[in-house]
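What follows is a single structure, written as C-alpha cells, with notes after it.
The model shown is predicted, which means the values in this text are computed figures rather than measured ones. In the text below, chain A, chain B and the rest are named by the order of the sequence lines, each starting its count at 1.
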Number of protein chains: 2
Amino acid sequence: MTTIADIARLAGVAKSTVSRYLNGGSVGEQTMRKIERVIGETGYSPNTFAQSLKAKKTNIIGTVVPRLDSYATSKTLIGIDEKLRELNYQMFVSNTSQDLDREIESLYSLAKQKVAGIILLATKVTERHLETIQEIGIPVLLVGQQHEQIYSLIHDDFEAGKAIGRFMAKKGHKQIAYLGVSEEDIAVGVKRKQGFAGAIKEAEEVKVRYYETSFKIGDALEKVPSILEEFRPTAIVCATDNIAIGALKAAYSKGLKIPEDLSITGFGGYEITEMLNPGLTTVQFFYKEAGGMAADKIVQLVNEEEIQMLSVSDFKIIERESVDILS
Amino acid sequence: MTTIADIARLAGVAKSTVSRYLNGGSVGEQTMRKIERVIGETGYSPNTFAQSLKAKKTNIIGTVVPRLDSYATSKTLIGIDEKLRELNYQMFVSNTSQDLDREIESLYSLAKQKVAGIILLATKVTERHLETIQEIGIPVLLVGQQHEQIYSLIHDDFEAGKAIGRFMAKKGHKQIAYLGVSEEDIAVGVKRKQGFAGAIKEAEEVKVRYYETSFKIGDALEKVPSILEEFRPTAIVCATDNIAIGALKAAYSKGLKIPEDLSITGFGGYEITEMLNPGLTTVQFFYKEAGGMAADKIVQLVNEEEIQMLSVSDFKIIERESVDILS
DNA sequence: CTGAAAGCGCTTACAG
DNA sequence: CTGAAAGCGCTTACAG
C-alpha cells in the first residue's frame, strides 16, 4: 500500500503539499503536475481510516430500515443508493428486523462510525427516538413517517386515501369495507384511512366499515372471509398491496369472481400487482424517486443548507381490472 | 468524546494498559477493576477509525449484490445480517445495479475499507473477478454461483432441476416447454436446465422444447403466447418464480385455465407464489438459511479455518395447484 | 505557494 | 503485570 509519504517522497515535495493537492488546496502548477503523475503511476488512494480519524466525519450516509424484504424498502434503498453515488456519498444500511431497540442502537452505532447523516425509514417515532436523535447530533431524515421535530419525507398518504375513496364512490360502490392496519403506524394506519374517510363523507349514501389486520398477507387472508360474511361489501379497500393480495386470494378461495362479485384495491403499486389476475387497481407511490429525494435532502442537511421540515412525495392511481363499475 | 487517554488518566494507569485490558491482554486484578469502573462511568467506547488504522482490518463483512429488489437477494441478505450479528460482525452491503464494472469496483473499494471478508452474490464469474479477488487478498465467498478457484456456496440447482423434471414426468406430462434463461448464468441458466433434461431423459416418451427469456416478468409475459401456439405443451416449467408468474398471467390473458389447460411451475419459493390463483407449484430454495451459512463460512475463512471449497444449500418441491395430473 | 511539526486515538513491540 | 515511546496515514494550523 502506498501512502501519502511515498507520494511526497517520489514527487519530491512535503506530505502536507500532497495532502493539500488532494483536498483541493492551493498548489503550484509545477508541483501539481509532479504529484499528479506520481499518483497516477502508483495508483495511490488515501486511507479512509486515517482520513476519518482526523476529519471526524465520513462521506457515508447511514440508512436504518425496519426490514430488508419489503418492496417499499428495497425500492427506496435503490433510490437512495443511486442518488448518493451521484453525490459522492456511500450508503450504509443497517437492518433492525423490526426491533425498536435495535433501531435506537443503530442510531448510536452509526453516530459512532461518524456517518455524515442518517436516513431513518421508521414505522413509528417514539420519545426515545427523539432523545437519541438529539443526543447524537447528526442530521437525521425521517422517511415514510412524519414528526414535527424531525426533518421528514412522506408519501402523500392522506391525499392518496382520499383519491381512492373518491374513485370508489365514483364507481358507484355503496357498501365498502376498509381493511387497514394499526393506528400505531401514523402514515399507513391513520393517514390513509382518514383520507379515505374524508372522501366517503363527501360522497352520498356510502356505507363503510373499518377493519384492521397486520401487514402480513396471511393475516389478511384469514381476516377477509369474516368481513365478507358479516358486511357483504361490494368492495374492499386495502391499506397495502400485500393486504389486497391476501384479500384477493381469500376471495378466490370462496369462489368469488373479481371484480364482478367483489372489487379490491390496494396501496403501494408493487410490480407484482400488475401480474395478478385480475390486475389490481391500486394507488402507486414512487418509492425509488422518494429514496432519491431523501438522499438529496440528507446531503443538503449535511452541508448545512436550509430545507423544509416536511417534503411530500406524490402518488398516482393505477386503474386495472379489480374494480367493478356499479353506477 | 472520551478517549483511551481519558480512561488511562482517570484510572491512573497507562494508555497501553487500558488498551491491553480492552483487547483481553493480561491485566492485574486491581487494575482491571479500576479500568472497568472508569469505563462504566464514562460510557467509553473505542474509536473505530483509530483501531482500524492500526489493525488493518475491521470486523465488517462486505456483501456485494447485483440488485436490492429481488426476493432471493433480500432473503439472503437477511440471513447474512442476522448470522453476522450473532458472530459480532457487521454487514456492509454494496449494490451494483447489475453492472459488472461496479462489481469489480466494489471489490476494490471494500478491500480498501479493510473489510475482513467479502460475500459475493454474483450472477457470473469472469476473468476480471478472478484477478481482482486474487489481488485484494481478502477472503471471498461466492454465493449462488460456483467456481473451482473460489470458495462457493450454491443452491442445489442441478438436483432441483432433476427433481422438478421427475415430478412432471410422474404427473404424466408428455409435452413440456422449459422456459429458461441465458446460459451466461451457470446456476440458473445451465444447471437447472441440465438437471431437468437429465430427468426427462430417464422418463419415457416425453417431448421437451427449450426456450429462453430474461429474469423479467414482463419478458416472460410476452414470450409465452408464442410458445403456447407453436408447441402446445401441457406444461411450462419456468426457471424462476418470476418467469412462472409471467407465464401465469399470459395464460390468463389467453383465457386458459390453470392447471386444466396448462400446468406451470417455477423455481425459488417466493412467498407470493402461494398467494396466486392457483397457488404455484415450485421448487423452494432456502435463501435466508443459505445467507446464514454464507456468514458462517466467511467468518471461518476470516479466522483462517479450513472449509470446503463448495457448500450446497438444499431445496424442496412445494406442491400446490398449478400442476395437473394427466396420468 | 510550500514545508516542518504536532496531533487525531489507538496498538504494539520493548524494556522493566 | 505495567509503562514510555513509536507509529498507523492522514490533516491542519503555523511560519516562511
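A:Asp6 places a side-chain N or O within donor-acceptor distance of the main-chain N or O of A:Thr3, the cut-off being under 3.5 Å. With hydrogens and angles disregarded, no donor-acceptor distance shorter than 3.5 Å links the side chain of B:Thr63 to the backbone of B:Ile119. A donor-acceptor pair under 3.5 Å links the side-chain atoms of A:Asn23 to the main chain of A:Ser19, judged by distance alone.
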Under the 3.5 Å Watson-Crick or G-U criterion, the dot-bracket string of DNA chain C, with | for inter-strand pairs:
|||.||||||||.|||

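Distance CG (B:Leu22) to P (C:dT11): 6 Å, rounded to an integer number of Å. In this structure, NZ of A:Lys54 is placed 11 Å from C1' of C:dA5, rounded to the nearest angstrom. Residue A:Leu53 contributes atom CG, which lies 12 Å from atom P of D:dG9 at whole-angstrom precision. The nearest whole Å value for the distance from the CD1 atom in A:Ile7 to the P atom in D:dC10 is 9 Å. C:dG9 atom C1' lies 14 Å from atom CZ of B:Arg9, rounded to whole Å. In this structure, B:Ile35 places its CD1 atom 13 Å from P of C:dC10, rounding to the nearest Å. The distance between atom CD of A:Glu29 and atom C1' of C:dT2, rounded to the nearest whole Å, is 16 Å. Atom pair A:Arg33:CZ and C:dC1:C1' shows a separation of 15 Å (rounding to whole Å applied).
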Expected rows: protein N/O vs nucleotides 14-16 of chain D N/O, under 3.5 Å:
none

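Closest to the side chain of A:Ser19, out of D:dT11, C:dC1, D:dC1, is D:dT11. For B:Ala14, whose side chain is taken as the heavy atoms from C-beta onward, the closest listed nucleotide among D:dG3, D:dC10, C:dC10 is D:dG3.
Using a 4.0 Å cut-off, some side-chain N or O of A:Thr31 falls inside it from OP1 or OP2 of C:dT2. Look at B:Ser16 and you won't find any side-chain N or O under 4.0 angstrom from OP1 or OP2 of D:dG3. Considering only side-chain N and O atoms, B:Tyr21 lies nowhere under 4.0 angstrom from the phosphate OP1 or OP2 of D:dG3. For C:dG9, neither phosphate oxygen OP1 nor OP2 lies less than 4.0 angstrom from any side-chain nitrogen or oxygen of B:Gln51.
Annotation for A:Gln308: atom CD does not count as buried by contact number, only 12 or fewer foreign heavy atoms lying within 6.0 Å. A 6.0 Å sphere centred on CD of B:Glu41 holds more than 12 heavy atoms belonging to other residues, nucleotides or ligands. Within a 6.0 Å radius of CD in B:Glu36, other residues, nucleotides and ligands contribute more than 12 heavy atoms.
Looking at residues two or more places apart in sequence or on another chain, you find no side chain to side chain donor-acceptor pair (under 3.5 Å) involving B:Thr123.
Taking a cutoff of 4.0 Å between a charged side-chain nitrogen and a carboxylate oxygen, A:Arg102 and A:Glu105 do not qualify as a salt bridge.
Both A:Thr17 and B:Asn23 lie close to DNA chain C; mapped to their nearest nucleotides by heavy-atom distance, the more 5′-ward contact belongs to A:Thr17. Nucleotides of DNA chain D nearest to B:Val13 and A:Pro46 differ in position, and the one nearer the 5' end is that of B:Val13. Both B:Ala50 and B:Val27 lie near DNA chain D, and the one whose nearest nucleotide falls closer to the 5' end is B:Val27.
Across all strands shown, A:Thr3 has heavy atoms under 4.0 Å from sugar-phosphate atoms exclusively, and none from any base.
A side-chain donor from one of A:His129 and A:Thr126 sits under 3.5 Å from a side-chain acceptor of the other. Side chain to side chain, A:Asp185 and A:Gln145 meet the donor-acceptor criterion of an N or O pair below 3.5 Å.
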